[in-house]
Amino acid sequence: MSIELKIADFALKGIQHLYGLQADPDQISVQKTRKDQSGDFTLVVFPLLRYSRRSPEETGHSLGEYLISRMPEIGKYEVVKGFLNLVMHDSWWTGFFAEIQHNENYGHVTLTSDAPHILVEFSSPNTNKPLHLGHIRNNLLGHSVSQILKAAGHRVTMVNLVNDRGIHICKSMLSWQKWGEGITPEKAHVKGDRLVGDFYVRFDQEYKKQVTKLIEQGIDEEQAAAQAPLLLEAQQMLRKWEEHDPDVLRLWEMMNEWVCRGFEETYRNLGIKFDKIYYESQTYKLGKQLVSDALEKGILYQEEDGSVWADLTDEGLDQKLLLRADGTSVYMTQDLGTAHQRYQEYSFDRHVYVVGNEQNYHFKVLGLILKKMGFPWYNRLYHLSYGMVELPEGKMKSREGKVVDADDLIQEMYYTAKEISERLGKMDTVPEEKRQVNYPRIAMGALKYYILKVDPQKTMLFNPEESIDFNGNTGPFIQYTYVRIRSVERKAKDSGIRLDEIDWSREIKPGEYEKQLIKRIHQYPGVLKEAARAFSPALIANYLYELVKEYNQFYQFETILKEQDKNKRNFRLRLSSFVARHLAEGMNLLGIEMPERM
RNA sequence: GGUCCCGUAGCUCAGCUGGAUAGAGCAGCAGCCUUCUAAGCUGCGGGUCGCAGGUUCGAAUCCUGCCGGGAUCGCCA
């Protein structure tokens, strides 16, 4: 039982004892004491006045006396207005630290055989253009949330659904056929996804020219857009693809291969892996059977033209198309199908979809239709809806080239990290190959932290003019703290200090900064739990930042290795080592690796 | 127009299921390296928490209505 719960429990007993009343547990609020007040935990007494029928001060004192007499952990108490501040004995804090100091994965819940199984789908790119900053946010979120869920004791399967078919890829294919002159990524020395993306852009340009021409000829805009020869050709190509035309299939396979190899490189740079990759070309027909079954049962209805619809008016929504008149499926049909398939496959307890908030409506409808179809697991689907990444001039638009390309950004971060490192010169004595390990870690640390520290739900702004910071509330700041501790550890080892020399039986009086650190660390299990519940890496990022700030103060004002009292010195060293390991584990949940020097 | 999300310092963001005098970073100014890595630390200035009501002992937080911004309501994905 956590100490907070224990205090709450005794507070309830105290009310019973003092006032003879059974208090509502919801009225008991135990929280961390504010920084500007002395104390460790605070019991808010205002809600308890209804039981005591005394003044806040009197009630606080009575409860304080009660608690201190029953809980040996508590050293003293103080009543300020309606707040009962409890101060724990120093030995309680050091005892807590002594207990956890050797935990390999402090705060992380070990996996049990009956742990809930969570499927996390993320990334899900289209194979017609390279990844951009928006995809980076998606990938980082998906990966980080998966790690957080694992740390919180869940079984996690990370899946990707690559959208490798459809009109968009046909546009790139057609464009390459017309203007590519047989170029390949190898010949062009360009990443495959970039090359295909360029042809996609080319298609759009040529298509727009045709549309403009048609409009000039007096055709109205809508018709022109629908009748431009290029579009008709692309549609023709899609039909051929669906009819398994060998030439089209060959071209399709080749270009998809280019793109996927390009993606793999980007994923590698981002440190992202999947347990399973699905391809839409293999899943796009799923769901039709579900729809026809539901139609037979009268859950869905059919229009005269043969199209099939779900009526969601009883849920306050509209009608939703599930099968076109020609019997082909739409996105929703596929998603119904894949959800069903995955449930058959995994019997997941939860299925998280990391998808932008522009698809809120889609996922709402997806759940409702599954509910309508009678699948009891419909409420196990969860749409982790994240906000868009915007540029100063607004939303990114890939067709207009107003995007921040993922590979470019990664490159740029690398050069910045390298440049700063070289300027500071602290790695001058480090061999080249080790530096080449550290630069990307710092670069990616900056980028990943920058994105993950903001609440997923919120739209975030990225200004390419102001490059991502390496100072302040940043990834490198946290890495730097880690690196400093590692350096102290090396020095300790060099001077023969052994870490097992702490005598815990002797009273260790933690200083202000040490105690603050232990208090912060004590909060971690709760932070992790909340991060897993809310699917929010930002909570982990903020926690780590607070911890690091406090560690740096400690580092600044206290000396570790030069401390004369050996017990104290070793305690500080142990605390530092623990913080370093804890930081590395915490950053790992954000997908960030630690450099050993920087 | 309907539905959903957002609005906190010049800028970028924290602020958990309501709790004490709303916090960081960046930018600006002023200090700190003969001492464990200065990518650090300390201090200063900067706020009608979009506006107005309501609930409450107590509201940035919950409710309602406005204002501003975004998303969505396609036989696109």
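This is a predicted model, so every value here is computed, not measured. Convention: sequence-line order gives letters A, B, ...; per-chain numbering from 1.
Rounding to whole angstrom units, OH of residue Tyr555(A) and C1' of rU35(B) are separated by 10 Å. Across the protein-nucleic acid pair, Lys549(A) atom NZ and rG15(B) atom C1' stand 12 Å apart, rounded to whole Å.
Which of rG40(B), rA77(B), rU42(B) sits closest to the side chain of Glu280(A) comes down to rA77(B). Across rU35(B), rC75(B), rG19(B), the shortest atom-to-atom separation from the side chain of Val330(A) is found for rC75(B).
The pair Asp565(A)-Arg569(A) does not meet the salt-bridge criterion, since no charged nitrogen lies less than 4.0 angstrom from a carboxylate oxygen.
Remark: ring of Phe46(A) overlaps the six-membered base ring of rG19(B) in a stacked fashion, centroids less than 5.5 Å apart, planes less than 30° apart. Using a 5.5 Å limit on the distance between ring centres and a 30° limit on the angle between planes, the aromatic ring of Tyr545(A) does not count as stacked on the six-membered base ring of rA24(B).
Using a 4.0 Å heavy-atom distance criterion, Glu558(A) is classed as a base contact. No engagement by Asp326(A) is indicated, since no non-hydrogen atom pair under 4.0 Å with the nucleic acid exists.
Taking 3.5 Å as the limit, the base of rA38(B) and the side chain of Asn471(A) contain no donor-acceptor pair of atoms between them.
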Just to be sure I follow the notation: if a pair is Watson-Crick (purine N1 to pyrimidine N3 plus N6-O4 or O6-N4) or a G-U wobble (N1-O2 and O6-N3), each under 3.5 Å, what dot-bracket string does RNA chain B give, with | for pairs to another strand? (((((((..((((.....[...)))).(((((.......))))).....(((((..]....))))))))))))....

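The cationic group of Arg165(A) lies under 6.0 Å from the six-membered ring centre of Tyr284(A) and within 45° of the ring axis, placing it in a cation-pi geometry.
Residue Arg484(A) places no side-chain N or O under 4.0 Å from the OP1 or OP2 atom of rC41(B).
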